[in-house]
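Everything on this sheet refers to the single structure shown next.
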Amino acid sequence: MFKEAVYHRPKNNYAYAYDEKTIHIRLRTKKEDVDAVQIVHGDPYNWADGHWQTEQKPMRKSGSDELFDYWFATLEPPFRRLRYSFLLQDGEEQTVFTEKGFYDEVPLDDTAYHFCFPFLNSIDVFQAPEWVKDTVWYQIFPERFANGDSSLDPEGTLPWGSTEPTPTNFFGGDFQGVINHLDHLEKLGINGIYFTPVFKAHSNHKYDTIDYMEIDPQFGDKETFRKLVKECHKRGIRVMLDAVFNHSGYYFEPFQDVLKNGIDSEYADWFHLREDKVVTDPVPNYDAFAYVSSMPKLNTENPEVKNYLLKVARYWIEEFDIDGWRLDVANEVDHAFWREFRQTVKEAKADAYILGEIWHDSMPWLQGDQFDAVMNYPFTNAVIDFFAKKNISLEQFKNQLSHVQHMYPVSVNEVAFNLLDSHDTPRVLTYADGDKRAAKLMYLFQLSYEGTPCIYYGDEIGMTGGEDPGCRKCMVWEEEKQDQELFSFIQKLISLRKSEPAFGNHGRFSFADYGEQVLAYEKKSDEQSLLFLINLTSDSVSIEDASLSRIVGGDQNSTVEGKKATLSPSGYLILEKK
C-alpha cells in the first residue's frame with residue numbers, strides 16, 4: 001500500500017458541512033491501490049470503560065483521476081461534533097490513517113490521534129442561492145446582440161453585421177434590442193442572462209469603465225435598464241451584471257486627475273503608482289490589467305476606493321433589482337475586499353449570485369465568505385479538448401473531469417458556472433472546426449452535467465467566430481440564416497433539464513463503463529436514474545443492459561430493443577434505468 005499517496009485534511013474540499021446536519025468527508029489514495037475504505041468516527045466526548053466509542057461506515061469510491069482514487073462518505077453526527085480516521089484495506093493488508101499518521105489498529109485511548117471536525121456551526125455552511133441550481137444562463141455581449149434604438153448609436157456606427165468585428169468598431173447594440181428579443185430567449189428555455197459590462201465606458205467591450213454609477217448612453221438610460229430587468233423578471237429570467245473592480249478605464253475621472261497631477265492628485269492612492277509622474281507609453285509605470293495602460297489597477301485596500309465600489313455593488317441591486325454580479329479578473333483583487341463585498345451584496349439581496357472570473361483552482365475564494373461560484377474553465381477545457389479538438393482520450397477526459405469534480409465541495413459544484421465558450425474564447429462550432437455533431441454532443445454533456453450551464457449568444461443558431469474579436473460578431477436575426485435544427489436541439493435539452501428529475505442539477509453525476517467506444521455516465525436523483533450513452537466512433541455500437549427501461553432522448557437513428565441499445569455513428573441515447 002502506497003501510504004505516501006494517502007491524503008486528507010479536515011477542511012475545504014475534503015471535510016465540510018453540506019447542510020446544517022450533514023458533513024461530507026473525502027479521502028485520496030493512490031489509483032487502484034486500495035480496495036475498500038471505512039471511516040471510523042464518533043463523538044469526541046462519547047467514552048465508556050476508558051475507551052472512545054466509535055462506529056464504522058463504508059466510503060464509496062466517488063471517482064478517479066490520472067493518479068488518485070477519491071473516497072466519499074456522508075455523516076450526520078447527532079451532536080454536530082466529530083472525530084474520525086480511515087481504515088484502508090487492500091487484500092489482506094490494512095492500515096488506519098489518522099491525523100498523527102498510520103497505525104495497525106484504531107487508537108481508542110485518545111481522540112487526539114484522530115481528525116477533528118470541532119462543531120458544525122450553521123453559519124459556516126456554504127450557502128449559494130438555491131435558484132441558481134435550476135438556471136440556464138445566456139451570455140449577452142450588449143454591443144452585438146441587437147440594435148433596438150438607432151438614435152443611441154455612437155458616432156461611426158456600422159450597419160448591423162455589415163463587416164467583421166474589430167477591437168474598435170461599433171454596431172449599435174442596446175437594451176431595447178434585448179427587450180425586443182426576450183421572446184427568443186424564453187422560447188429557448190433560458191432563465192438567466194449574464195451581461196458583459198453595461199456601465200459608461202470608452203470601448204465597445206466596456207471593460208474600461210468611466211463611471212460605475214451610469215449606464216453607457218449607447219445602451220440606453222437607467223429607465224430603459226429598469227424596464228429590461230422588469231421584463232426579464234416577468235418571464236422568470238434572472239439578470240446578472242459584470243463588475244470590473246480590478247481596474248478602471250483610462251477616462252475614469254479619478255485616473256484623469258492622476259494623469260494631470262501625478263503623486264499630488266487626491267486620487268493618487270486610488271491606484272498603484274510607482275513614480276511621481278504617470279507614464280502610459282510604451283509600458284505603464286503603474287499597475288494595470290496585464291500591461292494595458294488604459295486599464296489602471298484599482299487599489300481596493302484604499303478605504304475610499306473600497307467604499308465607492310461597495311456602494312456600486314449595493315446600488316444596482318437595491319435600485320434595479322439585479323440578481324447577481326459576475327466579477328472580472330477576480331483573482332487579482334484582495335480577499336479582504338471580496339469578504340466585505342459579499343457582506344454588502346447579501347445584505348442588499350440575500351439570494352444574489354456572486355460569480356468570480358477565475359480560470360484556475362479557486363478553493364481560496366469558495367469557502368462561503370467570498371464567492372458563490374467561479375467560471376468553471378477547467379470543465380470547459382476538458383470538454384473542448386475531448387469533443388472538439390479530439391486531442392485527449394476517453395480515459396484522459398474522465399480523469400480530468402473527475403479531478404475537477406473533486407477540486408471543490410459538492411455544494412460548490414452544484415452552482416459552478418459551466419460554459420463552453422464566451423466573449424474571451426473562440427465559439428463552440430469554431431473549436432469543433434464546423435463539426436455540428438461534435439458541437440451537439442458538447443451541449444448534451446454540458447446541459448446534463450452538474451452545475452449551472454451558460455450558452456453564449458448566437459451559439460444556439462450556429463454562429464461561428466475565432467478568438468476575440470472574432471467571437472464578438474453581431475447576432476444573426478434573419479431566420480433563414482439561423483440553424484433552426486440546432487436551436488431545436490438545444491431547446492429540447494433545456495426542456496429535459498427541467499422535466500426529468502435526474503437530468504439537471506438534482507442528479508448526482510458519475511462516470512459508467514461500457515467500453516472505450518462509448519462515453520457513458522449516470523445521473524441519479526431520489527426519484528430517477530438516467531444513463532447517458534455517447535458513441536465516440538464512426539460505426540454503430542451496441543450494448544446490453546437489463547436495467548434499461550425508457551428512452552428519454554436520443555438521435556433518430558439510435559434505438560433500444562429489449563436489453564439491447566444500439567448507438568448510431570456519433571449517436572447518443574438518454575435512457576431511464578429501472
Side-chain angles (χ1 to χ4, degrees), residues 18-19 22 24 26 36 57-64 69-74 76 130 133-136 189 379 383 394 397-399 401-402 404-406 409-411 413-416 418 440-453 489 492-536 541-555 558-568 571-578:
Y18 179 70
D19 56 33
T22 309
H24 285 180
R26 283 180 176 146
K57 181 177 182 178
M59 300 185 77
R60 67 175 176 85
K61 188 185 292 187
S62 55
S64 304
D69 289 331
Y70 297 90
W71 303 84
F72 178 84
T74 62
E76 295 185 8
E130 194 67 24
K133 297 177 184 178
D134 296 312
T135 301
V136 177
F379 163 87
V383 173
L394 174 59
F397 176 65
K398 291 164 74 171
N399 287 341
L401 260 292
S402 290
V404 171
Q405 279 186 293
H406 292 88
V410 171
S411 44
N413 291 334
E414 289 173 343
V415 292
N418 295 331
K440 290 166 80 170
L441 294 179
M442 282 189 275
Y443 288 119
L444 169 61
F445 190 82
Q446 177 201 31
L447 290 165
S448 60
Y449 192 66
E450 57 195 11
T452 182
F489 176 80
K492 176 63 175 176
L493 292 177
I494 295 174
S495 176
L496 288 173
R497 189 175 173 88
K498 296 175 181 179
S499 63
E500 298 291 334
F503 193 100
N505 226 350
H506 300 281
R508 190 182 73 207
F509 176 95
S510 62
F511 283 112
D513 187 3
Y514 285 84
E516 296 184 2
Q517 294 180 315
V518 176
L519 167 61
Y521 55 98
E522 295 183 5
K523 297 291 294 294
K524 294 180 180 179
S525 68
D526 292 340
E527 308 100 308
Q528 187 183 47
S529 179
L530 295 178
L531 174 65
F532 294 77
L533 301 170
I534 297 175
N535 185 358
L536 303 176
V541 174
S542 296
I543 66 164
E544 290 201 12
D545 189 329
S547 66
L548 305 179
S549 62
R550 176 174 71 97
I551 297 178
V552 174
D555 67 280
S558 294
T559 60
V560 174
E561 295 182 11
K563 303 176 184 179
K564 184 178 180 182
T566 301
L567 297 164
S568 66
Y572 73 97
L573 281 169
I574 308 165
L575 304 166
E576 187 168 22
K577 299 183 73 175
K578 297 174 185 175

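Values below: all heavy atoms of this structure, side chains included; hydrogens, waters and symmetry mates excluded.
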Which heavy atom of [X] sits nearest to which heavy atom of [Y], and what is that distance?
| X | Y | answer |
| --- | --- | --- |
| Val415 | Thr452 | O-CG2, 3.5 Å |
| Val518 | Val541 | CG2-CG1, 3.8 Å |
| Ile494 | Val136 | CD1-CG1, 4.0 Å |
| Leu394 | Gly515 | CD2-O, 4.0 Å |
| Ser62 | His406 | OG-NE2, 2.8 Å |
| Leu548 | Ala565 | CD1-CB, 4.1 Å |

Euclidean distance, [Y] [atom2] relative to [X] [atom1], rounded to 0.5 Å:
| X | Y | atom1 | atom2 | answer |
| --- | --- | --- | --- | --- |
| Lys440 | Ile534 | NZ | CD1 | 12.5 Å |
| Tyr70 | Ser64 | OH | OG | 8.5 Å |
| Phe72 | Met59 | CZ | CE | 8.0 Å |
| Leu530 | Ser448 | CG | OG | 9.0 Å |

Pairwise side-chain contact, [X] with [Y], heavy-atom cut-off 4.5 Å (strictly under):
| X | Y | answer |
| --- | --- | --- |
| Val383 | Phe445 | yes |
| Ser402 | Phe511 | yes |
| Phe509 | Glu450 | yes |
| Val410 | His24 | yes |
| Leu567 | Ile543 | no |
| Leu519 | Phe397 | yes |

Please identify each residue that fulfils side chain to side chain donor-acceptor pair (under 3.5 Å) with [X], with sequence neighbours left out.
| X | result |
| --- | --- |
| Glu130 | Lys133 |
| Asn399 | Lys31 |
| Thr135 | none |
| Ser542 | Thr566 |

Ring centre gap for Phe532 and Tyr514 strictly below 6.0 Å: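 Here the rings of Tyr514 and Phe532 have centres that are no less than 6.0 Å from each other.
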Proximity of Phe379 and Tyr449 rings by center, below 6.0 Å: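 Here the rings of Tyr449 and Phe379 have centres that are less than 6.0 Å from each other.
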[X] side chain to [Y] backbone, donor-acceptor under 3.5 Å:
| X | Y | result |
| --- | --- | --- |
| Ser549 | Glu576 | yes |
| Gln446 | Asn418 | yes |
| Asn535 | Ser568 | yes |
| Asp555 | Tyr572 | yes |

Could you go through Ile551 and Leu575, starting from their C-alpha distance and side-chain angles, then the distance that decides it, and tell me whether this counts as side chain to side chain contact (heavy atoms under 4.5 Å, CB included)? CA-CA 5 Å; Ile551 297 178; Leu575 304 166; 3.7 Å; yes
Count the heavy atoms belonging to other residues, nucleotides or ligands that lie under 6.0 Å from NZ of Lys57, then report whether that count exceeds 12.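 Counting neighbours around NZ of Lys57, more than 12 heavy atoms of other residues, nucleotides or ligands fall under 6.0 Å, so yes.
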Step through the shown structure and confirm whether more than 12 heavy atoms of other residues, nucleotides or ligands are within 6.0 Å of CD on Glu561.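 Result for CD/Glu561: open.
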Pair listing, side-chain hydrogen bond (donor to acceptor under 3.5 Å, both in side chains) test, anchored in residues 494-508, at least two apart: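 Counting only pairs at least two positions apart or across chains, the side-chain hydrogen bond (donor to acceptor under 3.5 Å, both in side chains) contacts touching residues 494-508 are Asp134-His506, Glu500-Gln528, Glu500-Arg550.
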Pairs in or reaching into residues 517-526: which pass salt bridge (charged side-chain N to carboxylate O under 4.0 Å, His left out), with residues at least two apart or in two chains?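 Output for this query lists Glu522-Lys524, Glu522-Lys577.
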Go through it in stages, so that I can follow the logic: the residues are Leu447 and Leu496, the test is side chain to side chain contact (heavy atoms under 4.5 Å, CB included), and I'd like the CA-CA distance, side-chain angles, deciding distance and then a yes or no. CA-CA 9 Å; Leu447 290 165; Leu496 288 173; over 6 Å; no
